[in-house]
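Within every chain, numbering begins at 1; the chains are lettered A, B, ... in the order of the sequence lines, protein sequences first and strands thereafter.
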Amino acid sequence: MKLLYFAWLRARIGIAEERIEPPAEIATVAALLDWLRGRGPGFAEALKDARVVRVAVNQEYVGWDHPLRPSDEVALFPPVTGG
Amino acid sequence: MKLLYFAWLRARIGIAEERIEPPAEIATVAALLDWLRGRGPGFAEALKDARVVRVAVNQEYVGWDHPLRPSDEVALFPPVTGG
Amino acid sequence: MIRVQCEDFDIGAELEALTRGKTGIGGVTSFVGLVRDVAGERRIGAMTLEHYPGMTERQLADIEGEARRRWPLEAVLIIHRYGRLEPGERIVLVATASAHRQAAFDACQFLIDWLKTKAPFWKLEETPEGPRWVDAQASDDEAAQRWTKD
Amino acid sequence: MIRVQCEDFDIGAELEALTRGKTGIGGVTSFVGLVRDVAGERRIGAMTLEHYPGMTERQLADIEGEARRRWPLEAVLIIHRYGRLEPGERIVLVATASAHRQAAFDACQFLIDWLKTKAPFWKLEETPEGPRWVDAQASDDEAAQRWTKD
């Protein structure tokens with residue numbers, strides 16, 4: 001699974017992009033977030049408030065219960081501020 | 001008094017601009033229109049339907065009861081269609 | 001700023017000049033009116049725009065003043081052409097600049113709506129059946145009317 | 001048409017290319033977003049726009065498609081820049097062309113409202129107190145929200 005982080009999520013986690021292989025029971029976006037929070041204080045801090053975390057799977061916005069596959073590109077980022 | 005005609009009012013009356021000295025009793029825009037209608041068939045035809053005649057005195061829109069002075073610039077024209 | 005002219009205008013250059021050095025501007029909304037080659041059922045070869053010199057500038061300045069009273073605008077530009085114009089040619093440019101985009105949008109729409117019902121311009125179309133003065137549209141009156149409800 | 005680029009753009013040239021030869025267009029509404037030198041109380045030296053390449057283009061194309069479904073548009077253009085931009089610089093251009101001006105205005109406003117809440121861009125401001133990620137604004141969510149009531 002490919003993970004991308006943007007804006008202050010990227011800055012707090014300290015990673016822009018990584019490949020991970022979460023355990024098979026990590027089947028949804030919500031489960032992935034919980035799992036990521038356990039990977040270290042940077043992750044825990046960046047992802048502590050899910051209200052300001054947006055998730056895209058394969059470049060489309062998804063909700064917390066969206067299912068995940070090993071081939072997915074998952075992006076985590078704060079609410080957008082372009083325009 | 002200076003009179004100006006625009007668009008199809010000008011075309012029907014056949015005059016773009018003229019100086020007139022209407023009788024002293026022509027004291028309002030409505031009275032002027034009535035007086036102009038009596039000046040010939042072109043005027044009568046062009047001014048017959050007051051709903052499609054707009055009037056500006058000294059370059060400001062006015063209503064039918066607006067008073068007139070000999071020094072006024074009076075313009076008659078159809079509803080505008082610019083933009 | 002108001003301009004009534006025969007010549008064409010360069011939108012990019014006009015907007016650049018309008019906003020240059022004004023770094024409090026967050027958004028610029030602009031509207032450009034173009035000559036269409038059809039009007040309802042009629043094919044239009046070209047059109048001639050007649051106007052009332054003097055009154056046109058006064059009315060446009062009044063409309064600009066009214067927009068500035070209603071919205072916090074950093075800059076306003078209205079350019080309206082007259083004379084003979086062919087399909088695809090630019091007729092009018094209305095541009096409004098503000099710190100916030102909603103003010104810019106509302107003011108721009110207000111200006112073009114009011115201009116269409118207040119500015120003394122008249123269009124004479126060239127059609128296959130000969131020249132034809134364009135009728136005022138009820139939809140333009142309605143569009144202008146909504147701004148009087150505030 | 002969608003473009004995501006680092007370079008500046010020429011509004012006049014872009015609108016000319018957008019409308020050239022399409023003589024059924026009666027009006028073009030455009031919105032240009034500029035970098036301001038203040039945001040609330042903060043003075044801004046410059047900002048850097050980060051985005052999500054690939055998803056940005058997809059989201060903008062989706063937004064364009066939605067606008068074309070809702071309004072009869074002859075042409076649509078969205079250009080959004082990324083990278084470091086200083087106050088006064090252009091960030092985004094949204095332009096819509098239609099036979100009638102109301103469709104052009106509504107679609108243009110819809111596009112910028114949706115872009116601001118859907119397109120994956122993030123602004124990092126340079127302030128006297130150091131760099132600062134811009135927070136999403138509730139007013140932008142509300143602006144986008146009104147288009148879902150239809």
For G26(C) and F31(D), work out which heavy atoms get closest and say how close.
-> O-CZ, 4.5 Å
Donor-acceptor pairs between chain C and chain D under 3.5 Å, which ones?
from: E16(C); atom 1: OE1; to: R90(D); atom 2: NH1; distance (Å): 2.9
from: E16(C); atom 1: OE1; to: R90(D); atom 2: NH2; distance (Å): 3.4
from: T23(C); atom 1: O; to: D37(D); atom 2: N; distance (Å): 2.9
from: T23(C); atom 1: OG1; to: D37(D); atom 2: OD2; distance (Å): 2.6
from: G26(C); atom 1: O; to: L34(D); atom 2: N; distance (Å): 2.9
from: V28(C); atom 1: N; to: V32(D); atom 2: O; distance (Å): 2.8
from: V28(C); atom 1: O; to: V32(D); atom 2: N; distance (Å): 2.8
from: S30(C); atom 1: N; to: S30(D); atom 2: O; distance (Å): 2.8
from: S30(C); atom 1: O; to: S30(D); atom 2: N; distance (Å): 2.8
from: S30(C); atom 1: OG; to: S30(D); atom 2: OG; distance (Å): 2.5
from: V32(C); atom 1: N; to: V28(D); atom 2: O; distance (Å): 2.8
from: V32(C); atom 1: O; to: V28(D); atom 2: N; distance (Å): 2.8
from: L34(C); atom 1: N; to: G26(D); atom 2: O; distance (Å): 2.9
from: D37(C); atom 1: N; to: T23(D); atom 2: O; distance (Å): 2.9
from: D37(C); atom 1: OD2; to: T23(D); atom 2: OG1; distance (Å): 2.6
from: R90(C); atom 1: NH1; to: E16(D); atom 2: OE1; distance (Å): 2.9
from: R90(C); atom 1: NH2; to: E16(D); atom 2: OE1; distance (Å): 3.3
from: R101(C); atom 1: NE; to: D113(D); atom 2: OD1; distance (Å): 3.1
from: R101(C); atom 1: NH1; to: D140(D); atom 2: OD1; distance (Å): 3.0
from: R101(C); atom 1: NH2; to: D113(D); atom 2: OD1; distance (Å): 2.8
from: R101(C); atom 1: NH2; to: D140(D); atom 2: OD1; distance (Å): 3.3
from: Q102(C); atom 1: OE1; to: Q109(D); atom 2: NE2; distance (Å): 2.9
from: Q102(C); atom 1: OE1; to: R146(D); atom 2: NH2; distance (Å): 2.9
from: Q109(C); atom 1: NE2; to: Q102(D); atom 2: OE1; distance (Å): 2.9
from: D113(C); atom 1: OD1; to: R101(D); atom 2: NE; distance (Å): 3.1
from: D113(C); atom 1: OD1; to: R101(D); atom 2: NH2; distance (Å): 2.8
from: D140(C); atom 1: OD1; to: R101(D); atom 2: NH1; distance (Å): 3.0
from: D140(C); atom 1: OD1; to: R101(D); atom 2: NH2; distance (Å): 3.3
from: R146(C); atom 1: NH2; to: Q102(D); atom 2: OE1; distance (Å): 2.9

Could you have a look at I112(C), V38(C), I25(C), V94(C) and say which one has the most heavy-atom pairs with chain D under 4.5 angstrom?
-> I25(C)
Is chain C contacted by the side chain of A95(D), its backbone, both, or neither, given a heavy-atom distance below 4.5 Å?
->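 Nothing of A95(D), per the 4.5 Å heavy-atom cut-off to chain C.
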Interface moiety of V92(C) toward chain D, non-hydrogen atoms closer than 4.5 Å |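 For V92(C), no heavy atom lies under 4.5 Å from chain D.
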At a heavy-atom separation under 4.5 Å, does L15(C) approach chain D through its side chain, its backbone, both, or neither?
->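 The side chain, not the backbone.
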Max heavy-atom pair count under 4.5 Å with chain C, selected residue of A99(D), A143(D), P87(D) | A99(D)
